[in-house]
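A short worksheet on the structure shown next.
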Amino acid sequence: MGLRWQDWPENVLARLRAGCAIPAHPLALNARRELDPLRQRALSRYYLSAGAGGLAVGVHTTQFAIRQVGLFDRVLSLAAEAASERDDAPILVAGAIGRTEQAVREARIARGLGYHAVLLSLAAWKGASEDEIIAHCAAVAAEMPVFGFYLQPAVGGVKLPLSFWRRFAAIENVVAIKMAPFDRYATLNVLRGVLEAGAVDRISLYTGNDDHIVADLLTPFALAGAKTPLRILGGLLGHWSVWTKAAVDLHARCCGADATPELLALDAQVTEMNAAVFDVAHSFHGVIAGCHEILRRQGLLEGIWCLDPAESLSPGQAELLTTVAQRYPHLTDDAFVRANLNTWLS
């Protein structure tokens, strides 16, 4: 029997629907590009101590290649172990990729490790029909609750129309959607699809639009036909894998709040910081290494190594990371990490 969202502990479902910050978990490697379990666990402890409501593991920020080197199960296990140390059970989301056989297999592994949902990547379905993709989503949803994922086409995502999101939202075991098309029109298609499927009360909306995090959290989407405006309740973000305490505080200030000039001013600041971390100047080449570099500077990671030796910082990226941290110190959390690092590494 598959897992249903109705089977979740009440506090986990309540946390998802209230909205929270969910970092996309990086991968801690040593100089030999092997898993560093101590620092992998320390990252999870950092995020949960910072107030993150969940962890997303086995996703792009964790590096999809963990599957090819046999680390998928181990990395998911380490995060689950760190989560079990806490009384306030976080939401555990596992990435599931590939065609149906692979995605179903990964969903079953995640379910066996105590995960609550899978973040379902559709990048492997380029060129497929809408019917084929919907059938794939339904097959994975039969195994466990699904966190939908609209990934921007610029980095491998599939362009998905309103008709897809209406049908996807009608799948009963879809519990949330991460919107990351980096496109306001496409984001609205997801919202409209959820509304027209009659799934507003079941599906929690989360931003993955790293270029508009604050604006997404502040906007009341007063779409025609909605009894009340739709709201994006939280974020599942690679950007929130760094400076996480500041991100949690930002989410608390923004979620459900009125869009004051002071809060709106933060949107451009956060986006400018994200441009440095995600290496927008070089078409996202240094996105994972950028996250690693911040964590290395804080002492959470020993180095910025990725499984692929070709993945590293782009020219000028390190200097840009220094610059944005100096410009916006209120959006960093170096003091928090410094005060707790030894505990997380113990």
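Computed from a predicted model, the values in this text were never measured in an experiment.
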For the [atom1] atom of [X] and the [atom2] atom of [Y], what is their distance to the nearest 0.5 Å?
X    : Y    : atom1 : atom2 : result
N173 : R202 : CG    : CZ    : 8.5 Å
E311 : I288 : CD    : CD1   : 4.5 Å
L217 : L205 : CG    : CG    : 11.5 Å
S204 : I177 : OG    : CD1   : 10.0 Å
R67  : L307 : CZ    : CG    : 11.5 Å
D183 : Y150 : CG    : OH    : 7.0 Å

Between [X] (side chain only) and [Y] (backbone N and O only), is there a donor and an acceptor less than 3.5 Å apart?
X    : Y    : result
Q40  : P26  : yes
Q269 : L266 : no
E106 : I97  : yes
T260 : L263 : yes
S241 : L237 : no
S129 : E132 : yes
S49  : Y46  : no
N209 : I213 : no
R15  : A89  : yes
R41  : A79  : no

Between V118 and F149, does a side-chain contact (heavy atoms from CB on, under 4.5 Å) hold up when you go through it step by step? CA-CA 10 Å; V118 289; F149 183 16; over 6 Å; no
Taking a hydrophobic cluster as the set of Ile, Leu, Val, Met, Phe, Trp and Tyr residues connected by side-chain heavy atoms closer than 4.5 Å, whether directly or through intermediates, do [X] and [Y] fall within one such cluster?
X    : Y    : answer
L13  : I171 : yes
V248 : V57  : no
L230 : Y206 : yes
L162 : L188 : no
M179 : L218 : yes

Of all residues at least two apart in sequence or in a different chain, which pass the side chain to side chain donor-acceptor pair (under 3.5 Å) check with [X]?
X    : answer
S44  : H25
R338 : none
Q298 : D333, D334

Considering all heavy atoms of both residues, which atom of [X] and which atom of [Y] are nearest to each other, and what is their separation?
X    : Y    : answer
P145 : V175 : CB-CG1, 4.2 Å
L76  : A94  : CD2-CB, 3.7 Å
A128 : I133 : CB-CG1, 4.1 Å
T207 : I232 : N-CG2, 3.4 Å
I66  : L27  : CG2-CD2, 3.7 Å
A169 : G193 : CB-O, 4.1 Å

Summary of ring pair (Phe, Tyr, Trp, His ring centres under 6.0 Å) pairs that have at least one residue in [range], sequence neighbours excluded:
range            : result
residues 57-101  : H60-F64
residues 284-338 : F336-W344
residues 232-266 : none
residues 103-123 : W8-H116

According to salt bridge (Lys or Arg N to Asp or Glu O under 4.0 Å), who are the partners of [X], at least two apart in sequence or on a separate chain?
X    : value
R33  : none
E101 : none
E262 : R253
D36  : R39

Run the numbers on L160 and L122 for side-chain contact (heavy atoms from CB on, under 4.5 Å), then give the verdict. CA-CA 10 Å; L160 299 163; L122 300 177; 3.9 Å; yes
Step through the shown structure and confirm whether more than 12 heavy atoms of other residues, nucleotides or ligands are within 6.0 Å of NZ on K159.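 No - once you tally the heavy atoms of other residues, nucleotides and ligands closer than 6.0 Å, there are 12 at most.
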Determine whether more than 12 heavy atoms belonging to other residues, nucleotides or ligands lie under 6.0 Å from atom CD of E85. yes
I would like to know whether D216 and R184 meet salt bridge (Lys or Arg N to Asp or Glu O under 4.0 Å); could you show each step before the answer? CA-CA 10 Å; D216 272 359; R184 310 316 286 167; 2.5 Å; yes
Is there a side-chain contact between [X] and [Y], using heavy atoms and a 4.5 Å cut-off?
X    : Y    : value
V190 : F164 : no
L43  : L300 : yes
L119 : S121 : no
V277 : V287 : no

For D131 and R167, what are the C-alpha separation, side-chain angles and deciding distance, and is it a salt bridge (Lys or Arg N to Asp or Glu O under 4.0 Å)? CA-CA 9 Å; D131 286 347; R167 294 174 68 186; 2.8 Å; yes
Against the six-membered ring of W165, is R192 placed for a cation-pi contact (under 6.0 Å from the centre, within 45° of the normal)? no
Could you please spell out the steps behind the side chain to side chain donor-acceptor pair (under 3.5 Å) verdict for T271 and D211? CA-CA 5 Å; T271 302; D211 62 339; over 6 Å; no
Carefully, step by step, assess Q6 and E172 under the rule side-chain contact (heavy atoms from CB on, under 4.5 Å). CA-CA 11 Å; Q6 294 93 333; E172 174 59 29; 3.5 Å; yes
May I have the step-by-step check of side-chain contact (heavy atoms from CB on, under 4.5 Å) for L223 and L191, ending in yes or no? CA-CA 8 Å; L223 303 185; L191 296 167; 3.9 Å; yes
Which pairs with one or both residues in residues 284-306 pass salt bridge (Lys or Arg N to Asp or Glu O under 4.0 Å), sequence neighbours excluded? E293-R296, E293-R297
